[in-house]
There are 2 protein chains.
Amino acid sequence: MDEVRGQTRRRVAAPRAGRPRQAEVAQLAGVSQTTVSLVLGGKADDVAISAETRRKVLGAAERLGYVPDPAASRLAAARNNLLGVFSFTATFPTDVQHSYYPFLVGVEQEAAAQGFDLVLFTGSSTGGARAGAHALHRARLADGCLVLGRHAPADQLRRLVDDGFPVVHLGRRDEPEGLAWVGADYVTAARAVVGDLVARGHREVVLVCEDDPVPASTDRERGFHEGLLAAGVPTGPERVHRCADPERDLTPARLRAWLAAGVTAIVVEETDTSAAWRALNTAVSDAGLDCPRDVSLALLGSPPPDHEGPVPTGFDLPRARLGAAAVRALAALVAGGRPDEPLVECAFRPGATVGPPPR
Amino acid sequence: MDEVRGQTRRRVAAPRAGRPRQAEVAQLAGVSQTTVSLVLGGKADDVAISAETRRKVLGAAERLGYVPDPAASRLAAARNNLLGVFSFTATFPTDVQHSYYPFLVGVEQEAAAQGFDLVLFTGSSTGGARAGAHALHRARLADGCLVLGRHAPADQLRRLVDDGFPVVHLGRRDEPEGLAWVGADYVTAARAVVGDLVARGHREVVLVCEDDPVPASTDRERGFHEGLLAAGVPTGPERVHRCADPERDLTPARLRAWLAAGVTAIVVEETDTSAAWRALNTAVSDAGLDCPRDVSLALLGSPPPDHEGPVPTGFDLPRARLGAAAVRALAALVAGGRPDEPLVECAFRPGATVGPPPR
DNA sequence: CCTCGGTACTAATACGCATTAGGCCCGCGT
DNA sequence: ACGCGGGCCTAATGCGTATTAGTACCGAGG
C-alpha cells in the first residue's frame with residue numbers, strides 16, 4: 001500500500017561524501033542505476049540503449065568523475081580487468097638476474113594489449129606461517145592469476161583450480177591436476193641443438209646436467225635422446241652425466257677421459273647458476289684444449305650474463321614471449337575458454353663453440 | 001522445535017561448487033552466518049560468543065577450508081588487511097640499483113609485522129592513455145596505498161585523498177593538499193655533515209648540486225646553509241654551485257679556481273646517477289690533488305654501488321626504515337588515526353674523504 | 001480492437017561479508 | 001511473580017556493481 005512512499009523514501013540518493021557511485025550518476029542523468037551500469041559496462045549492445053541516454057550517462061559520469069569500485073565489480077560475479085601475478089620466490093631479489101623481469105616485460109605488455117591491468121602479489125617473505133597458508137588466496141581479487149616460481153605449493157594451487165579460478169603457471173607443471181601452464185618447448189629446442197651436432201658429424205655426444213629432476217631438466221634430456229635417435233645414433237642413460245657438484249666433478253681429468261673414450265661433443269644443461277657450464281669451460285682451458293677445435297660444447301639455454309668469450313651454441317628462451325603466452329592463456333581461461341598451445345618455441349642460437357669433430 | 005523449519009525455509013544453502021562461503025560454514029556448525037563472521041573476524045570480543053560455539057565454527061571453517069573473499073570483505077565497508085603499493089615508475093627496471101627494492105624490504109617486513117599483506121600495482125608501462133588516467137584507482141582494492149615514485153600525478157592522488165582513501169607517499173611531497181608522506185630528514189642530515197666540516201676547521205665550503213629543484217634537493221641545500229649558520233659561518237647563494245652537466249662543468253680548472261679562492265671543502269649532493277660525485281673525484285685526481293689532504297669532499301647521500309676508493313664522508317638514507325615508517329603511517333591512517341612523525345633520520349657516515357683544511 | 005514484436009528502459013536480485021539492532025533465555029533482585 | 005540485566009546469538013540490512021526478468025510504450029499487421 002505504501003510502496004510508493006517506501007520507494008521514494010529510499011531512492012533519494014543523499015549527496016554523499018566520498019566517491020560517487022553509479023546511483024549518483026544515475027540520478028544526475030535521470031536514469032536508473034541499471035542503465036548506468038549497462039552504458040558504462042559497454043553492454044549497451046546486448047540491451048538496447050538510445051544514443052541520447054548513453055550520452056547523458058556518459059556526461060554525468062564524466063562530470064562526477066565516476067570510477068568503478070573494483071571490489072564491487074569483482075564481487076558481482078563480474079570481472080575486474082585485473083590479472084594477478086603471484087610469485088612465491090622473492091619478487092625483488094638482490095640479483096636482478098634471478099628476477100622475473102624478462103618475463104614480466106612480456107606479461108605487462110600482453111596484458112595491456114588484452115585490456116587487463118596487473119596486480120602483483122608477493123608471497124615470498126611474508127613469514128609463511130599462518131598467513132602464508134592462504135597467501136595465494138588474495139589472488140581472488142583479480143579475474144585470474146599467473147603463478148611464477150617453481151615453489152608454489154601444490155595444495156594452494158589445487159584449491160584455486162578446484163574452485164574454477166583461472167590460474168596459469170609459468171613453466172611446465174603436472175602437480176595439481178588440471179592446472180594450466182605455459183612453458184618452453186625444451187624438448188624440441190634440445191633436439192635441434194643435438195641435431196646440429198650430429199649434422200656436423202658428431203656421433204659420440206654426452207649430456208651434462210645437474211641432479212634435479214624438474215620438468216625443465218627432464219625435457220631437455222628427452223630432447224637430447226630424441227635428437228640422437230632421430231639421426232640414427234644409438235643412445236641411452238650412459239650418455240647422461242648427472243653431477244651434483246659441477247665444480248668438483250667436471251675436472252680436466254674427467255674431460256680427457258671422455259675424449260679418450262671418443263667423445264667429441266658435450267652438451268650442458270643450463271641452470272640457475274650456470275655452474276656446470278662455467279666448470280666445463282674452465283676444465284677445457286685448464287686441460288690446454290681449444291673449444292671449437294678439440295671438443296665441441298653446446299649449452300641447452302642462454303649463457304650467464306657475465307659470460308665472456310665466444311657465444312655458446314645452444315638456444316634462447318624467449319622469456320618475454322613466454323610471459324605474453326601465459327597472459328594469453330590466462331585471458332582465455334578468464335573468458336571461459338581453454339588455452340591452446342602451452343609450449344613456446346625456443347630460438348636456436350648458432351654460436352661459436354661447435355665445430356666439426358677433431359680429426 | 002520449529003526453529004529448524006523457520007530456518008530451512010529460506011536458509012537452505014545448496015551444496016555449491018566452488019569455494020565455501022560463511023553460509024556453508026554456518027550451516028555445518030549449526031549457527032548463523034553472522035556468528036561465523038563474528039568468530040572468524042575476531043570480533044568475538046565485542047559481541048559475546050561462547051567458547052563452545054567458537055570452537056564449532058572454527059572447526060567447521062577448518063574442515064571446509066574456508067577462506068574469506070577479499071573482494072567481499074573490502075566491499076562490506078570493512079578491511080582487507082591488504083596494503084597496496086603503487087609505483088608510477090617502472091617496478092622492474094633493468095638496473096636493480098634504480099629499483100625500490102631496498103624500500104620494499106622494509107615495507108614488506110613492517111607490513112607483515114602490522115598484520116597486512118601487500119599488493120603491488122604497476123602503473124608504469126600500462127600505456128597511460130585512458131586506462132592510465134584512473135590507474136591509481138585499483139588501489140581501492142586494498143585498505144590503503146603506498147605511492148612510490150615522484151611522478152605520481154597529483155590529480156589522481158588528490159582524488160584518493162579527497163575520497164578519504166588512506167594514501168602515503170614515499171618521499172616529501174606538497175602537491176595534493178593533505179597528502180600524507182614519509183621522507184628522509186635531509187635537512188638535519190646535511191646540517192650534520194656540514195657541521196662536521198666546520199668542526200674540523202673548514203670555513204670556506206661550497207655545495208655542488210644538480211639543477212633540479214625537487215624537495216629532496218632543496219632540503220639538502222637548506223641543511224647546508226643551516227649547518228654553516230649554526231657554526232657562525234656566513235653563507236649565501238654564492239656558495240651553491242648548480243650545474244646541469246657535471247661532466248663538463250666540474251673540471252680540474254674549476255677545482256683549482258675554488259682552491260685558489262680559499263675553498264677547503266666541497267659538499268656534493270647525491271643524485272640518481274652520482275654524476276657530480278664521479279666528476280669531482282675525477283677532477284681531483286686529474287688535477288694531481290689528494291682528497292683528504294688538499295681538499296675535503298663530502299657526499300650528501302650514499303656512494304654509488306660501484307664506488308671505489310675511500311668511503312666518502314656523508315650520510316646514508318635508511319631505506320628499509322623509511323619503507324617501514326611509511327607502512328606505519330599508512331597503518332595509522334587505515335586505522336583512522338593520523339600518522340605521527342613523517343621524517344626519518346639519516347645516519348651520519350664518517351668516511352675518509354674529510355680531513356682538516358690544508359695548511 | 002487486439003495481439004505481436006520490437007525498442008528502451010527499470011525493478012529486483014545476487015555476490016559474500018560486516019554490522020546494527022534487536023530477540024530469547026536464564027538467573028537474580030525485590 | 002514480575003521485572004531486569006546480561007550473556008549469547010540471529011535477522012535484517014548495507015556495501016556498489018552486474019545481470020535477469022521483466023514493464024511500458026509504440027507501430028504494424030490481422
Side-chain angles (χ1 to χ4, degrees), chain A residues 3-4 6-7 10-11 13-14 16 18-27 29-54 56-57 61 66-81 137 140-141 143 163, chain B residues 2-4 6-7 9-11 13-14 16 18-27 29-54 56-57 61 66-81 137 140-141 143 163:
Chain A
E3 76 251 343
V4 179
Q7 287 198 356
R10 310 188 26 180
R11 285 293 159 202
R16 311 179 322 141
R19 148 174 140 274
R21 308 161 295 174
Q22 289 187 344
E24 268 93 31
V25 176
Q27 182 170 321
V31 298
S32 72
Q33 177 264 325
T34 303
T35 304
V36 174
S37 174
L38 255 29
V39 170
L40 265 37
K43 300 292 178 186
D45 304 331
D46 306 348
V47 180
I49 298 283
S50 75
E52 169 65 7
T53 301
R54 166 194 250 104
K56 281 192 301 186
V57 169
Y66 170 81
V67 249
D69 181 334
S73 309
R74 177 84 193 120
L75 179 59
R79 297 174 34 180
N80 232 357
N81 275 345
H137 212 75
R140 292 205 142 90
L141 280 175
D143 293 342
D163 291 353
Chain B
D2 55 4
E3 80 261 350
V4 180
Q7 290 196 354
R9 207 186 312 144
R10 310 191 30 176
R11 289 291 159 199
R16 312 178 324 138
R19 109 175 171 288
R21 308 161 294 173
Q22 289 187 343
E24 269 92 29
V25 176
Q27 182 169 322
V31 299
S32 72
Q33 177 263 324
T34 304
T35 303
V36 174
S37 172
L38 255 28
V39 170
L40 266 37
K43 299 293 179 187
D45 306 329
D46 306 347
V47 181
I49 298 283
S50 74
E52 168 65 10
T53 302
R54 168 194 247 104
K56 281 192 301 185
V57 169
Y66 171 81
V67 247
D69 181 333
S73 309
R74 175 86 193 119
L75 180 58
R79 298 174 35 179
N80 230 357
N81 275 345
H137 212 74
R140 292 204 143 92
L141 280 176
D143 292 343
D163 291 353

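In this text, all values refer to a predicted model and were calculated from it rather than measured experimentally. Chain A is the first sequence line, chain B the second, and so forth, proteins listed ahead of strands; every chain is numbered from 1.
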Novice: So what does A/Val36 hit on the nucleic acid, given a heavy-atom distance under 4.0 Å: a base, only sugar-phosphate, or nothing?
Specialist: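 Nothing, no nucleic acid heavy atom in range.
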
Novice: Do A/Tyr66 and A/Val36 come within less than 4.5 Å of each other through their side chains, counting heavy atoms only?
Specialist: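 A side-chain contact is absent here, since even the closest heavy-atom pair is not under 4.5 Å.
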
Novice: Answer yes or no: does a side-chain N or O of A/Thr53 lie under 4.0 Å from OP1 or OP2 of C/dC9?
Specialist: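 Affirmative; the distance criterion is met.
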
Novice: Do B/Ser32 and D/dA11 share a donor-acceptor pair, side chain to base, under 3.5 Å?
Specialist: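 Not at all, since no donor on one side and acceptor on the other fall under 3.5 Å apart.
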
Novice: Can B/Asp69 and A/Arg74 be counted as an ion pair, charged N to O under 4.0 angstrom?
Specialist: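 Not counted as a salt bridge, because no side-chain N and carboxylate O are separated by less than 4.0 Å.
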
Novice: With a 4.0 Å cut-off on heavy atoms, is B/Thr35 in touch with a base, just the backbone sugar-phosphate, or nothing at all?
Specialist: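 B/Thr35: base contact, heavy atoms under 4.0 Å.
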
Novice: So do B/Glu24 and B/Gln27 actually touch side chain to side chain, heavy atoms under 4.5 Å?
Specialist: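 B/Gln27 vs B/Glu24: side chains apart.
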
Novice: OP1 or OP2 of C/dA18 versus the side-chain N and O atoms of B/Ser37: is any pair under 4.0 Å?
Specialist: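 Yes.
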
Novice: B/Thr34 or B/Ala72: which one's nearest nucleotide on DNA chain C is closer to the 5' end?
Specialist: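 The residue mapped nearer the 5' terminus is B/Ala72.
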
Novice: By the 4.0 Å heavy-atom rule, please label A/Ser50 as base, sugar-phosphate, or nothing.
Specialist: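 Sugar-phosphate contact only.
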
Novice: Are side-chain heavy atoms of B/Leu141 and A/Asn80 found at a separation under 4.5 Å?
Specialist: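 SC-SC contact between B/Leu141 and A/Asn80 confirmed.
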
Novice: Please determine, for the side chain of A/Ile49, which listed nucleotide (D/dA18, C/dA18, C/dC9) has the closest atom?
Specialist: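 My answer, after comparing the listed nucleotides, is C/dC9.
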
Novice: Is the shortest side-chain N/O distance from B/Gln33 to OP1 or OP2 of D/dC9 below 4.0 Å?
Specialist: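 For D/dC9, OP1/OP2 do not have a side-chain N/O of B/Gln33 under 4.0 Å.
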
